[in-house]
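Accompanying notes for the structure given below.
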Amino acid sequence: MKASKSISPFRLSSLLRIQKDPALALQLFQNPNPDSNPQPQKPFRYSLLSYDLIISKLGRAKMFDQLEQILHQMKQETRFAPPEIIFCNVMSYYGRARLADRALQVFDEMPSFRCQRTIKSFNSLLNALFKCGKFEKMKKVLEGIEDYGTPDACTYNILIKAFCGSEDLDNARKVFDEMRSNGLQPSDVTLGTLVHKLCSDSRVKEALELKEDWERVRGVLPNGFVYASLMKGLCGIGEMALAFGLKDEMVRKNIRLDAAVYSTLISALLKAGRRGEVPGLLKEMSEYGCEPNTVTYNAMIHGYCKEKDFEAAYRVLDEMVEKGCRPDAISYNVIIDALCKGGKWSEANLFFQDLPRRGCHPDVLSYRMLFSGLCDCGQFKEAAFVLDEMIFKGCAPHYARTHKLVEGLCQEGNMELVGTVLSSLEKANVLHGDTWRMVISTLCKEKPSDVSELIDTLAMQ
DNA sequence: TTAGGGTTAG
């Protein structure tokens with residue numbers, strides 16, 4: 001039998017780059033020569049690029065345990081010292097996943113990878129802590145900033161964003177002043193942060209003035225981030241014509257239009273009942289070489305669901321898959337919520353059960369929406385089943401809904417299921433005193449003999 | 001993918 005040729009490190013990185021499925025990419029990384037005959041004697045020499053690619057794929061897919069394994073493997077490599085950017089990215093993934101301790105751990109371990117920490121990785125850690133809401137830890141980390149370099153524009157932008165997010169505009173202003181006194185010019189990123197904050201506080205007029213001033217006085221050219229925030233703010237106060245005017249301004253000034261700008265406008269059109277204008281906008285988007293992404297499709301799904309046009313929403317979902325754009329939890333949650341609110345609880349339940357086949361794992365909101373919908377539709381048995389599963393998956397339900405479920409079951413006289421639900425809630429530590437009192441009061445009225453049995457059952461859990 | 005925007009609900 002002819003021996004098959006082993007894959008080269010270069011070939012592996014090319015294959016990893018085009019593999020969209022992170023699980024398959026990991027399989028490929030772990031076993032780059034599955035058909036090799038005989039099996040190679042020497043261990044595979046992974047390139048730094050392959051490490052970078054697999055780490056980014058696992059990070060984006062939130063496959064953190066596998067990512068840690070790859071990091072551990074990379075630490076054993078003696079042929080190279082990994083570049084700082086890999087660790088910056090990993091901290092960024094952990095920040096987005098609200099895993100502050102893991103981000104801190106990565107930062108602490110960088111020297112053991114023979115990687116020097118500069119202000120760049122310091123900024124990544126700072127931003128990860130901010131995303132996790134760990135403001136006290138941010139302060140503590142900032143005390144040691146001198147060990148890693150001088151704060152740069154990125155450091156200041158993170159701090160401005162953090163103070164804006166915690167409504168501490170005085171400190172945001174102080175950081176801004178310090179940035180300038182240290183000779184650093186505010187950038188389009190700084191502008192984007194401030195405009196976003198003003199718009200989310202409904203101070204759209206001030207945001208527009210700021211954008212004009214910065215462009216005229218400081219020469220800061222607003223980018224797509226700035227425009228998308230302004231457009232959303234304007235649409236929110238009913239000034240859609242002005243929002244569309246900003247899009248024209250972007251074209252005039254040759255500022256790159258992107259999917260976020262169009263997603264904002266499509267969402268606004270649908271909220272305003274101007275569905276007929278959406279296809280034209282999609283066509284224009286395509287003419288500017290800009291493809292719809294998951295957010296654009298989600299805006300359409302939401303708009304069609306609001307109109308109870310579920311067929312159109314399903315068509316968008318199919319189109320996404322056809323075009324290689326992966327639906328996310330929001331795509332599905334919007335449909336589940338709308339089906340429930342439209343009384344189509346059975347269809348919502350079936351759709352929910354179908355999620356794993358569609359390659360999507362329900363999140364806490366998927367469970368809460370279905371659970372709430374089933375309670376609202378009076379489908380208490382189904383709701384109890386979903387509750388059990390969501391608690392098992394570690395997703396906490398809202399008190400008002402669980403109370404309504406138990407109340408519904410009490411009214412139906414299904415005390416056996418009440419017992420099961422109460423023990424599930426107790427196990428998840430979300431059994432509220434009012435719910436408990438309501439059950440006891442119902443039992444005392446209807447079946448006093450069952451009270452001690454229920455207490456015994458719960459005591460045994 | 002060291003910093004900034006756009007889609008769901010609550």
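Lettering of chains follows the sequences in order, A, B, ..., and the numbering in each one begins at 1.
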* Structure fact -> Side-chain contact check for Ala260(A): nearest option of dT8(B), dG5(B), dA9(B) is dG5(B)
* Asked: Which whole number of Å gives the distance between the P atom of dG6(B) and that of dT1(B)?
  -> 15 Å
* Return the value, rounded to whole Å, for the distance between atom CZ of Phe163(A) and atom P of dA3(B). => 18 Å
* Structure fact -> Ranking dT7(B), dT1(B), dG10(B) by distance to the side chain of Lys341(A), first place goes to dG10(B)
* Would you please indicate if the ring centroids of Phe64(A) and Tyr94(A) are separated by under 6.0 Å? => yes
* With respect to the phosphate group of dA9(B), does any side-chain polar atom (N or O) of His398(A) fall under 4.0 Å of OP1 or OP2? -> no
* Of the nucleotides dG6(B), dG5(B), dA3(B), which has the atom closest to the Val189(A) side chain? -> dA3(B)
* **Nearest to side-chain heavy atoms of Ser267(A), which nucleotide of dT7(B), dA9(B), dG6(B)** => dT7(B)
* For atom NZ of Lys271(A) and atom P of dG6(B), their distance in whole Å -> 11 Å
* Asked: Hey, does the Lys NZ or Arg CZ of Arg117(A) hover above the aromatic six-ring of Phe107(A), less than 6.0 Å from the centre and inside 45° of the axis?
  -> yes
* Asked: Looking for any heavy atom pair under 4.0 Å, which part of the strands does Ile158(A) touch: base, sugar-phosphate only, or nothing?
  -> sugar-phosphate
* To do: Answer yes if the side chains of Thr296(A) and Asn293(A) hold a donor-acceptor pair under 3.5 Å, and no otherwise.
  => yes
* Looking across every strand, which nucleic acid part, if any, lies under 4.0 Å from Ala128(A) by heavy atom: base, sugar-phosphate, or nothing? -> nothing
* Kindly indicate whether the side chain of Asn293(A) and the base of dG6(B) share any N or O donor-acceptor pair separated by less than 3.5 Å? => yes
* To do: Give a yes or no answer on whether the side chain of Asp258(A) reaches the backbone of Val261(A) with a donor-acceptor pair at less than 3.5 Å.
  => yes
* Asked: How close or far is atom C1' of dG5(B) from atom CG of Leu210(A), stated in whole angstroms?
  -> 15 Å
* Asked: With a 4.0 Å cut-off on heavy atoms, is Lys131(A) in touch with a base, just the backbone sugar-phosphate, or nothing at all?
  -> sugar-phosphate
* Starting at atom CG of Asn333(A), determine the distance to atom P of dG10(B), rounded to an integer number of angstrom. => 11 Å
* Just compare dT7(B), dG6(B), dA9(B) and give me whichever is closest to any side-chain atom of Ala259(A). => dG6(B)
* Asked: Between dT8(B) atom P and Leu270(A) atom CG, what is the distance in whole Å?
  -> 10 Å
* To do: Would you check if the side chain of Glu389(A) reaches a backbone N or O of Phe385(A) as a donor-acceptor pair within less than 3.5 Å?
  => no
* Asked: With a non-hydrogen cut-off below 4.0 angstrom, is Asp258(A) in contact with a base, only sugar-phosphate, or nothing?
  -> base
* To do: Just compare dT7(B), dA9(B), dA3(B) and give me whichever is closest to any side-chain atom of Asn298(A).
  => dT7(B)
* Looking at Arg45(A) and Glu77(A), does any basic side-chain N land under 4.0 Å from a carboxylate oxygen? -> no
* **Under 4.0 angstrom between His302(A) side-chain N/O and dT7(B) OP1 or OP2** => no
* Identify whether any heavy atom of Ser263(A) sits under 4.0 Å from a base atom; if not, whether one sits that close to sugar-phosphate; answer base, sugar-phosphate or nothing. => base
* Are Tyr51(A) and Tyr46(A) near enough that their ring centres are under 6.0 Å apart? -> yes
* **Selection from dA3(B), dG6(B), dA9(B) that lies nearest to any side-chain heavy atom of Met369(A)** => dA9(B)
* Closest to the Val295(A) side chain, choosing from dA9(B), dT7(B), dT1(B) -> dT7(B)
* Gap between atoms CG and P, on Leu234(A) and dG6(B) respectively (whole Å) -> 13 Å
* Can a side chain N or O of Lys232(A) be found less than 4.0 Å away from OP1 or OP2 on dG6(B)? -> yes
* Over how many whole Å does the gap from Arg60(A) atom CZ to dT1(B) atom P extend? -> 8 Å
* **Arg96(A) side-chain proximity, nearest of dT8(B), dT1(B), dG5(B)** => dT1(B)
* Does a side-chain N or O from Arg368(A) land closer than 4.0 Å to OP1 or OP2 of dT8(B), or not? -> no
* Within this structure, what is the NZ-to-P distance between Lys120(A) and dT1(B), rounded to whole angstrom? -> 14 Å
